[in-house]
Chemist: 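Okay, handing you the structure first.
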Amino acid sequence: QVQLSDSGGGLVQAGGSLRLSCAASGRTFSNNLMGWFRQAPGKEREFVARIWWSGGSTDYADSVKGRFTISRDKGKSTVYLQMNSLKPEDTAVYYCAADLSWNGGRWYANSWGQGTQVTVSS
């Protein structure tokens, strides 16, 4: 199983930027689908972005397209989420996930990071 440690959250004003990092360790994951999710207070966890570790193809939730960019550094075993033009509605705890799969209309992951808080003030 992959162990994940996410970091980089903080407090930022609307319009600002943050970069989240997810350091992975454990078994190799050459054909792994990894991603970021977020959970706001009183809401369910939602998909934000995903990336194939091997080929690097990406996909985003409509709410973050054009503002967020997911990437990975194979040498550092790290996945990043660059967040620009942040809005107050982006406020949430952000979680990194590995071994993603889609089944029955929802995402599943074998590994989750501990979460990092992102707060965007208006």
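Residue indices begin at 1 and follow the sequence shown.
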Chemist: Going from OG on Ser77 to CZ on Arg72, what distance comes out if it is rounded to the nearest 0.5 angstrom?
Modeler: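 Going from the OG atom of Ser77 to the CZ atom of Arg72 covers 11.5 Å.
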Chemist: Is there side-chain contact between Asp59 and Trp52, with at least one heavy-atom pair below 4.5 Å?
Modeler: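 Result no, sub-4.5 Å side-chain heavy-atom pair not found.
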Chemist: Show me the side-chain donor-acceptor pairs of residues 5-16 shorter than 3.5 Å, one per line, residues at least two apart or across chains.
Modeler:
unit_1: Asp6; atom_1: OD1; unit_2: Gln114; atom_2: N; d: 3.3
unit_1: Asp6; atom_1: OD1; unit_2: Gln114; atom_2: NE2; d: 3.4
unit_1: Asp6; atom_1: OD1; unit_2: Gly115; atom_2: N; d: 2.9
unit_1: Asp6; atom_1: OD2; unit_2: Cys96; atom_2: N; d: 2.9

Chemist: Any carboxylate oxygen within less than 4.0 angstrom of a Lys/Arg side-chain nitrogen, looking at Asp62 and Lys65?
Modeler: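 So Asp62 pairs with Lys65 through a salt bridge.
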Chemist: Measure the shortest side-chain to side-chain distance between Asp90 and Arg67 over non-hydrogen atoms and say whether it is less than 4.5 angstrom.
Modeler: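 Yes, side chains in contact.
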Chemist: Ser57 side chain to Gly55 main-chain N or O, any donor-acceptor pair under 3.5 Å?
Modeler: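 A pair under 3.5 Å: no.
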Chemist: Roughly how far apart are Ser21 OG and Leu81 CG, rounded to 0.5 Å?
Modeler: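 Going from the OG atom of Ser21 to the CG atom of Leu81 covers 9.5 Å.
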Chemist: Is the distance between the ring centroids of Phe37 and Phe47 under 6.0 Å?
Modeler: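 Close enough - the centres of the two rings lie under 6.0 Å apart.
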Chemist: Do Tyr108 and Val2 belong together in a cluster built from hydrophobic side chains that touch within less than 4.5 Å?
Modeler: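 Different hydrophobic clusters.
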Chemist: Give a yes or no on whether the backbone of Ser54 and the side-chain of Lys74 come within a donor-acceptor separation of less than 3.5 Å.
Modeler: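 Pair found, side chain donor or acceptor close to backbone of Ser54.
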Chemist: If you define the side chain from C-beta out and look only at heavy atoms, does anything of Met83 sit under 4.5 Å from Val118?
Modeler: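 Yes; the side chains approach each other to less than 4.5 Å.
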Chemist: To the nearest 0.5 Å, how far apart are CH2 in Trp36 and SG in Cys22?
Modeler: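 Going from CH2 on Trp36 over to SG on Cys22, the span is 5.0 Å.
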Chemist: Under the ring-ring contact (aromatic ring centres under 6.0 Å, His included) test, which residues partner Tyr80, sequence neighbours left out?
Modeler: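 Partners of Tyr80 by the ring-ring contact (aromatic ring centres under 6.0 Å, His included) criterion come out as none, since no residue qualifies.
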Chemist: Could you tell me which residues satisfy side chain to side chain contact (heavy atoms under 4.5 Å, CB included) with Lys43, sequence neighbours excluded, listed by chain and number?
Modeler: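 Ala40.
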Chemist: Just so I know, are the side chains of Ile51 and Val79 near enough to count as touching, which here means a heavy-atom distance under 4.5 Å?
Modeler: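 The answer is yes, as the side chains (C-beta and beyond) meet within the 4.5 Å cut-off.
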Chemist: Assess whether side-chain contact (heavy atoms from CB on, under 4.5 Å) is satisfied between Leu20 and Tyr95, documenting all intermediate values.
Modeler: CA-CA 10 Å; Leu20 306 183; Tyr95 298 90; over 6 Å; no
Chemist: Please tell me whether Asn84 and Ser17 have a donor and an acceptor in their side chains that are separated by less than 3.5 angstrom.
Modeler: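 Asn84 vs Ser17: donor-acceptor pair found between side chains.
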Chemist: Should Met34 and Leu4 count as side-chain neighbours, where that means a heavy-atom distance under 4.5 Å?
Modeler: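 Yes. Closest side-chain heavy atoms under 4.5 Å.
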Chemist: Below 4.5 Å, heavy atoms only, C-beta onward: do Tyr60 and Thr69 meet side chain to side chain?
Modeler: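 The answer is yes, as the side chains (C-beta and beyond) meet within the 4.5 Å cut-off.
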Chemist: Quick check: do Phe68 and Val48 have side-chain heavy atoms less than 4.5 Å from each other?
Modeler: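 Yes, close enough: below the 4.5 Å cut-off.
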Chemist: Check whether any side-chain heavy atom of Glu46 lies under 4.5 Å from a side-chain heavy atom of Arg38, and answer yes or no.
Modeler: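 Result yes, sub-4.5 Å side-chain heavy-atom pair found.
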Chemist: Between the side chain of Asn32 and the main-chain N/O of Asp99, is any donor-acceptor distance below 3.5 Å?
Modeler: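 Side chain of Asn32 to backbone of Asp99: a pair is present.
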Chemist: Does the cation-pi check pass for Arg45 over Trp112, that is, NZ or CZ under 6.0 Å from the six-membered ring centre and within 45° of its axis?
Modeler: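 Arg45 over Trp112 ring: yes.
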